[in-house]
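The block underneath contains the structure these notes are about, expressed in structure tokens.
So that the names make sense, note that chain A is the first sequence line, chain B the second, and so on, each numbered from 1. It should be emphasised that the depicted structure is a prediction, and the values quoted were computed from it without experimental measurement.
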Amino acid sequence: MAYWLIKSEPDVYGIEDMRRENVGIWDGVRNYQARNYLKAMKKGDRAFFYHSNAKPPGVIGLVEVVEENIADPTQFDPESDYFDPKSTPENPRWHTVKVRFVEALPEIVALERLREHFQPEELGVVKRGTRLSVLPVEEAIAQRLLKLGGFEHS
DNA sequence: GCCAACGTTGGC
DNA sequence: GCCAACGTTGGC
């Protein structure tokens with residue numbers, strides 16, 4: 001089982017939306033490096049849910065991958081902001097996963113606090129200028145983060 | 001609102 | 001294939 005970190009803006013889709021829907025396709029990622037990480041995700045993997053563009057930004061919850069390697073349906077939808085005319089169902093360009101809500105923290109682990117505990121090499125999200133919305137988290141780092149956040153369902 | 005740090009696009 | 005211009009992300 002691997003750990004990841006996925007970013008979302010709470011104004012667009014936050015941890016409470018995730019809790020309400022329980023299960024959802026992580027759609028709308030249109031960056032190749034992030035896509036490659038999404039493709040590498042396996043069922044049972046866990047991902048830290050990160051609120052970006054928030055006050056404060058930080059880790060707010062945990063989700064679990066319940067289905068891997070899904071073609072992002074929004075790429076075929078002309079009405080969607082994420083429509084990609086160059087993508088076809090026969091040869092989809094954007095793959096993602098389905099995730100399930102696991103846990104929301106009562107208190108966010110703010111970016112400032114993350115910086116106190118992790119080096120940029122340890123946790124990519126604390127590095128300035130990291131815009132990637134999907135990042136791998138090493139096992140040992142994940143364990144430290146689980147402890148720091150006080151996660152119960154690790 | 002600013003702007004650094006990217007990623008993408010398109011002319012050549 | 002290069003790279004300038006442009007667009008986006010996201011912290012501050």
Side-chain angles (χ1 to χ4, degrees), chain A residues 2-21 24-41 45-65 68-99 101-138 140-142 144-151:
Chain A
Y3 284 94
W4 306 88
L5 183 146
I6 54 179
K7 291 186 197 172
S8 189
E9 300 188 24
D11 289 350
V12 179
Y13 191 88
I15 193 72
E16 292 309 317
D17 298 297
M18 188 77 245
R19 188 210 295 277
R20 192 177 334 111
E21 293 185 8
I25 292 175
W26 201 256
D27 58 21
V29 173
R30 294 293 179 271
N31 168 284
Y32 285 104
Q33 203 178 338
R35 191 270 320 259
N36 292 342
Y37 284 138
L38 286 169
K39 267 174 120 170
M41 285 189 187
D45 284 1
R46 295 261 166 122
F48 294 100
F49 199 109
Y50 182 92
H51 276 175
S52 60
N53 255 328
K55 291 177 189 171
V59 169
I60 191 68
L62 198 63
V63 296
E64 180 184 343
V65 176
E68 59 193 57
N69 204 26
I70 302 170
D72 182 339
T74 61
Q75 69 193 306
F76 310 125
D77 177 7
E79 301 300 308
S80 171
D81 287 346
Y82 304 116
F83 177 60
D84 185 345
K86 292 175 186 164
S87 195
T88 63
E90 295 73 33
N91 194 12
R93 182 179 292 195
W94 305 106
H95 294 265
T96 187
V97 291
K98 189 179 278 184
V99 293
F101 175 83
V102 174
E103 185 176 351
L105 292 178
E107 206 173 336
I108 196 165
V109 186
L111 178 58
E112 188 181 18
R113 188 129 176 272
L114 292 172
R115 289 210 164 103
E116 290 168 4
H117 287 83
F118 299 99
Q119 296 300 115
E121 312 83 61
E122 293 179 320
L123 192 65
V125 79
V126 309
K127 203 184 308 175
R128 183 165 169 68
T130 296
R131 302 186 310 169
L132 207 55
S133 63
V134 182
L135 293 161
V137 181
E138 276 176 43
I141 305 303
R144 282 168 53 197
L145 182 48
L146 286 166
K147 206 168 178 180
L148 181 66
F151 285 95

- Message: Enumerate the salt bridge (charged side-chain N to carboxylate O under 4.0 Å, His left out) contacts for residues 112-126 of chain A, please, sequence neighbours excluded, ordered by first and then second residue.
- Response: A:Glu122-A:Arg144

- Item | Partner of A:Val99 under side-chain contact (heavy atoms from CB on, under 4.5 Å), chosen from A:Asp45, A:Val63, A:Ile25 | A:Val63

- With a 6.0 Å cut-off on ring centres, are A:Phe49 and A:Phe101 close enough? no

- Query: Which salt bridge (charged side-chain N to carboxylate O under 4.0 Å, His left out) pairs, counting each pair once, include a residue from residues 69-82 of chain A, with sequence neighbours left out?
  - Reply: A:Arg30-A:Asp72

Under 3.5 Å, which protein N or O atoms sit close to an N or O of nucleotides 8-12 of chain C? Give each pair with its distance.
from   : atom 1 : to       : atom 2 : distance (Å)
C:dT8  : O2     : A:Arg131 : NH1    : 2.4
C:dG10 : OP1    : A:Lys7   : NZ     : 3.0
C:dG10 : OP1    : A:Arg131 : O      : 2.7
C:dG11 : OP1    : A:Tyr50  : OH     : 3.0
C:dG11 : OP2    : A:Asn53  : N      : 2.9
C:dC12 : OP1    : A:Arg115 : NH1    : 2.7

- Task: Carefully, step by step, assess A:Tyr50 and A:Val59 under the rule side chain to side chain contact (heavy atoms under 4.5 Å, CB included).
- Result: CA-CA 4 Å; A:Tyr50 182 92; A:Val59 169; 4.0 Å; yes

